[in-house]
Amino acid sequence: MAKPFASSADLGEKRQSLEILADGVYALTAEGDPNVGAVEGEDFLVCFEALATPVAARRWLARLREHTDKPIRYLVLSHYHAVRVLGASAFGAEVIVTHEKTRELIAERGAQDWASEYARMPRLFEEPASILGLTWPTATFSDRFTIDLGGGRGDLVLQYCGRGHTEGDLVAWLPEQRVLFAGDLVESQAALYTGDAFHRDWASTTLDRVAALGARTLVGGRGAVAEGEDAVAAAIGQTRDFLTVMLREVGASESVKEAFERTHRALAPRYGSWPIFEHCLPFNVSRLWDELHGVERPRIWTAERDRQVWDELQS
Ligand SMILES: [Zn+2]
């Protein structure tokens with residue numbers, strides 16, 4: 001029987017949990033749906049990630065407002081993917097911050113990515129008509145961007161760690177509390193999406209830099225919060241292992257179809273039951289095949305190309 005396209009048949013509501021990770025540091029996790037967060041400054045808030053639509057974002061903000069009524073000064077977006085950024089208008093933030101590459105990627109492929117992700121994961125696009133358009137950052141940086149939280153709360157450091165899940169991922173790091181919002185550079189018991197990735201950089205230097213921060217609490221892009229150094233190391237290790245297995249299996253294959261089958265066989269015992277595994281794998285293998293055959297930058301996913309790759313590999 002043919003598998004339903006991507007996550008188009010995944011319509012079950014996920015339970016959202018708000019966790020307080022340190023004084024004024026919040027994460028909302030959702031059983032494998034995209035995670036979001038917030039950090040309190042002395043008299044302002046920094047929000048991390050915007051969800052797929054303003055309506056979805058407003059539900060998150062209503063929960064956050066049970067804890068703080070400070071105005072939102074910064075909205076930080078870890079990368080350009082639609083399910084992370086298109087809810088931005090709900091935040092009314094003074095400043096929207098991304099890495100400089102993310103701005104370029106939004107200009108180059110934001111519209112196509114929107115159409116692609118909407119077809120792949122329709123459930124996440126709650127009331128899609130509430131989206132006002134593409135989200136444009138109002139501040140960007142190349143290496144790091146520091147926000148002084150004020151009132152003895154320390155800094156929030158936005159850091160570029162190299163190419164990984166996309167060409168322009170940032171992480172948000174609280175050095176005093178040792179809390180890291182890693183975006184999709186690290187997943188904790190959720191499958192990786194690597195369709196726009198740079199696998200070799202990600203599996204080596206980029207994850208090395210993430211690990212070197214020394215987080216004690218890590219909020220990945222999806223999945224549960226990793227609490228404690230062992231759990232943080234396990235989440236980073238899982239992410240690296242997933243990539244390493246993909247690199248080995250795709251690298252040993254003669255065709256993209258063989259690459260998909262080998263990779264599926266090698267990853268499924270450990271990761272097959274984790275959220276979005278089946279959804280992601282055809283897109284992941286397609287991109288890695290390109291990467292290993294000299295295609296430097298990921299090709300743009302469109303709704304049409306998504307279907308082609310799916311039909312070729314997963315059906
Ligand atoms: Zn992503």
Side-chain angles (χ1 to χ4, degrees), residues 6-7 10 14 27-30 32-37 48-53 56-57 75-88 97-99 101-106 108-125 134-135 137 158 160-172 180-199 201-203 206-207 210 218-223 235 238-239 242-243 246 274-277 279-288 291 297-302 306:
S7 291
D10 167 14
K14 298 286 193 282
L28 188 78
T29 62
D33 276 358
N35 295 333
V36 294
F48 185 76
E49 312 285 47
L51 296 170
T53 69
L75 173 62
V76 174
L77 302 170
S78 70
H79 63 289
Y80 76 96
H81 282 151
V83 298
R84 307 270 166 194
V85 304
L86 291 179
V97 191
T98 71
H99 187 262
K101 276 283 171 205
T102 290
R103 185 212 288 275
E104 293 175 27
L105 288 160
I106 290 168
E108 179 192 45
R109 59 184 71 195
Q112 295 94 324
D113 180 67
W114 178 353
S116 157
E117 293 197 46
Y118 179 53
R120 291 180 186 185
M121 296 169 277
R123 179 175 54 77
L124 297 181
F125 285 77
L134 292 174
T135 297
L158 310 182
Y160 180 64
C161 295
R163 301 187 301 185
H165 171 73
T166 71
E167 211 168 345
D169 305 274
L170 63 78
V171 299
L180 181 67
F181 292 91
D184 277 329
L185 283 178
V186 180
E187 308 295 358
S188 182
Q189 302 189 19
L192 268 59
Y193 176 66
T194 74
D196 297 304
F198 295 78
H199 295 73
D201 291 5
W202 188 1
T206 300
L207 279 180
V210 172
L218 184 149
V219 184
R222 295 170 178 261
Q238 174 230 306
T239 302
F242 196 109
L243 293 166
M246 283 190 64
W274 289 6
I276 67 171
F277 176 79
H279 159 164
C280 291
L281 206 60
F283 310 121
N284 292 358
V285 169
S286 174
R287 165 56 191 153
L288 181 51
E291 184 182 330
R297 298 185 64 238
R299 285 192 276 159
I300 295 176
W301 291 105
T302 62
D306 286 1

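Note that ligands are numbered from 1 as they come in the structure, with each ligand's atoms numbered from 1 the same way.
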- Message: Taking E187 first and then R222, would you say they form a salt bridge - that is, a charged N and a carboxylate O separated by under 4.0 Å?
- Response: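 Salt bridge absent between E187 and R222.
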Run the salt-bridge test on R120 and E117 with the 4.0 Å N-O cut-off and return the result as yes or no.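 Salt bridge flag = no for E117 with R120.
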Tell me, please, which residues at least two apart from F242 pass ring pair (Phe, Tyr, Trp, His ring centres under 6.0 Å).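 By the ring pair (Phe, Tyr, Trp, His ring centres under 6.0 Å) rule, F242 matches Y271.
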Residue and atom names of protein N/O/S atoms that fall under 2.8 Å from the Zn ion (ligand 1):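 Checking every protein N, O and S atom gives H79 NE2, H81 ND1, H165 NE2, D184 OD2.
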Can you tell me how the ring of H99 sits relative to the ring of Y160, calling it parallel under 30°, perpendicular over 60° and tilted otherwise?
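Parallel.
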*asked:* Over 60° means perpendicular and under 30° means parallel, so tell me whether H79 and H81 are parallel, tilted or perpendicular.
replied: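 Answer is perpendicular, since the angle exceeds 60°.
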Charged tip of R287 within 45° of F198 ring normal and under 6.0 Å
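The answer is yes; both the distance and angle limits are met.
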